[in-house]
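FYI, side chains are in, hydrogens and waters are out, and symmetry mates aren't considered; it's all heavy atoms of this structure. Sequence lines set the chain letters: A, B, ... in the order given, protein chains first and strands last, and positions in each chain run from 1.
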Amino acid sequence: MENLLEQLNPEQRLAAETTEGPVLILAGAGTGKTRAITFRMANLITKGMPAETILAVTFTNKAAEEMQSRVTDLLLRAGVPPERPWISTFHSLCARLLRREAASAGLPKDFAIYDDDDQLAAVKLAMAKLKIDEDGLTPRNVLGRISYAKNHAQTPEQVRAEAFGPDTRKVADIYAGYEQLLKQSNAVDFDDLLLRSARLLREEPQVRERWRKRFAYLHVDEYQDTNRVQYDLLRLLTNERQNVCVVGDEDQSIYRWRGADVSILLSFSQDFPAAKVIRLERNYRSTQTILDAAGAVVANNPDRLGKTLRAQNEAGGRLRYFEARDAQAEAEFVAGELERLLSDDADQTCAVEYRTNFQSRSFEEAFRRRGLRYKLVGGFSFYNRAEVKDALAYVRLALHPEDDVSLLRVLNVPARGIGKTTVDALRDTAQRESLSFWDAMESLMTNPASSRAVAPLRAFRELIVRLAEAYATKEPADYMRFVLEETGYMDMLKDRNTPDDVARIENLEELVRALAEAMDAGETFTDFLDAAALVSDADSFEGKPGVTLITLHSTKGLEFDHVFLTGMEDGICPHSRSLNEEKGIEEERRLVYVGMTRARKTLTLTRAVYRRVFGNEQQMRASLPSRFLSEIPSELVETVRGSMAEIGETRRYEPDPEYSYSAEEFTRRVRGLPTPAQKMAPRRTERSTTPSFGRPAMRRGGQADSMLGTKVRHPEYGVGTVVGVEGDEDDRRVSVSFPGRGTKKFVERYAQLQQV
DNA sequence: GTCCGCGCCGTTTTT
DNA sequence: CGGCGCGGAC
């Protein structure tokens, strides 16, 4: 191990060898933090610490796997039997903890984990039961508010007590109904996994002691994205030896909206006064140019610890900027560049990054047209497919017939004559008599409103009973096959036999295969079901050569040779929903920082001038360049030939005959945007070859006097001296004397003057 | 009860 | 564009 440790730089080595007591590793992007942390764990194990006493919490399952295999690799190289430390996400950790301590946690051993879809269905059901159907209260919105409340340790009663208006009181009611629904269904949601684990550890001393004793060494990666509950968990798991090692970077905190709190990272040294702080600032990933550009952007944020990343690679070429007419042209440009890069060297990794998922569409279309292969991270994961979820819902139902969400999902799939009327009756009965749907069915059958529904309901109940009985006697994979046959699900697909159905059949066969493999690997059926709920989008990333389409959020922790940061427009990135709040803008800025620092060799920024709303041909909306573009120093960027404008240049777009607007309509749309008049610059027919101007040409709003005598650069006349200023703020004219060319007068906001 | 078509609506980010 | 709810036809 000694030899291996020598491969680390001094700071990494310090991190790997400081094994006792609290440690805060402030690790900038690409500084080898995973390396440091895996060496640290391998080091502990070679020194004789039992692997099972070591815990590492990562942000994604993928990261956990990656870390696991690297530790194994190191141990083999050190000639030590490769034991496996416990490495998982917070959510997986909690799922396993709750399963093992189910009795103390007040849960059945085989509780279900509701994923996002299930949670949404539960909210819808709760709303339907309460007959709440307000315009402003969409299930999605309500779920967000419930999740927020949960993560801030607010009960429905507290939400109601603090409610401002009737809407929030209704949210509180839905929240209460939702909780009731989960309880009766023997289900927990994502938030519950954390909350219930924390509560269990807090309230059950003997359980807490057991786990504290077990985990002698704690590690938390991506600590800047830890939320309050996760922090509580960490504190509860920390024993008196305080061997807590956290790794984070305040500039990469991008999950504030789901409760992440950077101040947890920033106050680590107060929480653990004995903490040693180690800074990793040597960057092994990117060029210095990329680091400088990204650093300049994030430097605009307040509340930073601050850091200087030093590239160990060469300086590298400038960033490139391309402004396309619309999303299609943007995609075509990126596709062309990717083809060029990959024809040079097909072994390179390339990423197309975007702020929102819908942006992937135009890229997918363009890439498919050209036969350019790509991988899409996110979107539709295997376990999110309707047929897979249906199949798993039957299994859950066999375990717990009171699971309303699962029951409603499959009650009439395949169609068995239980329609809307019957479901409405069931829901009313369930609500009125505080029953699960399962029990409401019983009640309705003995006292039916219409006799027509009785037979189908009875048949369904008998089906579920058969599934429940078979569960105990069959191997999981066989059981899965049995479920698909017995429920008539397979027959339904075979009868319809559309191309989609054929694909669904294949997916279900794949599900059975995956289940069999998991069993071979020593997992239990519930392990498998947990994994199905807890896989994340980012987990599908494989890091193979080629093109990856990915959201900025999902790129955290990844790296690529070539990165295209697309959709750099105000309203997209920064996203329009974040514009009215300073903290929101700051988070968007960090998101851009994360996206930029993924790049090893080249970084290309793109934007579309016109973007259609909701794929509507008629509605093209003109955009302004992302404000973050102007935060990149101009000398670090070059504009690609064929681009409609240079970076930092803001220009007015005239009505374009290619788009079907009336001139008035167009003007109205453009004016409707938050466009300060002085940010407009006229269309320029000729493009200068000098680097584009990243910063505003001249400081505006300054005293006229202070401008007199300063030197400025004009794209055509060169450097001159300001000899006169007249007019007011918005319409100021500047006289500049150019050596040998006389004095010229400019309207300041139109002239491309740069202070020198 | 089931099927189908129409119109409305909305797009942050995700464990 | 795509998903969903609703209303009407069978």
Any side-chain N or O of A:Thr551 below 4.0 angstrom from OP1/OP2 of B:dT14? yes
Among B:dT13, B:dT2, B:dG1, which nucleotide sits nearest the side chain of A:Ala415? B:dT2
Hey, are A:Arg504 and A:Asp501 close enough for a salt bridge, meaning a charged N less than 4.0 Å from a carboxylate O? yes
Tell me whether the side-chain N/O atoms of A:Asn357 come closer than 4.0 Å to OP1 or OP2 in B:dT13. yes
Spacing of A:Arg256 atom CZ relative to B:dT14 atom C1', expressed in whole Å: 16 Å
Here the distance between atom P of B:dT14 and atom CG of A:Leu558, to the nearest Å, is 13 Å
Hey, which sits more toward the 5' end of DNA chain B by its nearest nucleotide, A:Gly419 or A:His91? A:Gly419
Nearest heavy atom decides the nucleotide; on that basis, is A:Arg361 or A:Lys124 closer to the 5' end of DNA chain C? A:Arg361
Quick one: A:Arg621 CZ to B:dG10 C1', roughly how many Å, whole number? 12 Å
Is A:Asp390 salt-bridged to A:Arg409, going by a charged N under 4.0 Å from an acidic O? yes
So if I take every side-chain heavy atom of A:Thr421 and compare against B:dG1, B:dT11, B:dT13, which nucleotide ends up nearest? B:dG1
Nearest 0.5 Å, please: how far is OH in A:Tyr231 from CG in A:Leu236? 10.0 Å
Looking at A:Arg370 and A:Glu365, does any basic side-chain N land under 4.0 Å from a carboxylate oxygen? no
Send over the distance from A:Asn141 CG to B:dT13 C1', rounded to a whole Å. 16 Å
Which part of the nucleic acid does A:Asp115 contact within heavy-atom distance under 4.0 Å: base, sugar-phosphate only, or nothing? nothing
Can you check the A:Leu93 CG to B:dT15 P distance for me, whole Å? 17 Å
Can you tell me how far C1' of B:dT15 sits from CG of A:Asp192, to the nearest Å? 13 Å
Whole-Å distance, A:Glu588 CD to B:dT13 P, equals 11 Å
Candidate nucleotides B:dT11, B:dT14, B:dT13, ranked by approach to the side chain of A:Thr356 - the nearest: B:dT13
Ionic contact status for A:Arg361 with A:Glu364, cut-off 4.0 Å: no
Checking contacts here: which listed nucleotide (B:dT14, C:dC1, B:dT2) is nearest the side-chain heavy atoms of A:Phe614? C:dC1
Is the aromatic ring centre of A:Tyr255 closer than 5.5 Å to the centre of the six-membered base ring of B:dT13, with the two planes inclined by less than 30°? no
Contact class for A:Thr422 (heavy atom, under 4.0 Å): base, sugar-phosphate, or nothing? sugar-phosphate
A:Gln119 or A:His575, whichever maps to the more 5' nucleotide of DNA chain B: A:His575
Would you say B:dT14 has OP1 or OP2 under 4.0 Å from some side-chain N or O of A:Ser554? yes
Phosphate OP1/OP2 of B:dT15 contacted by A:Asn227 side-chain N/O (<4.0 Å): no
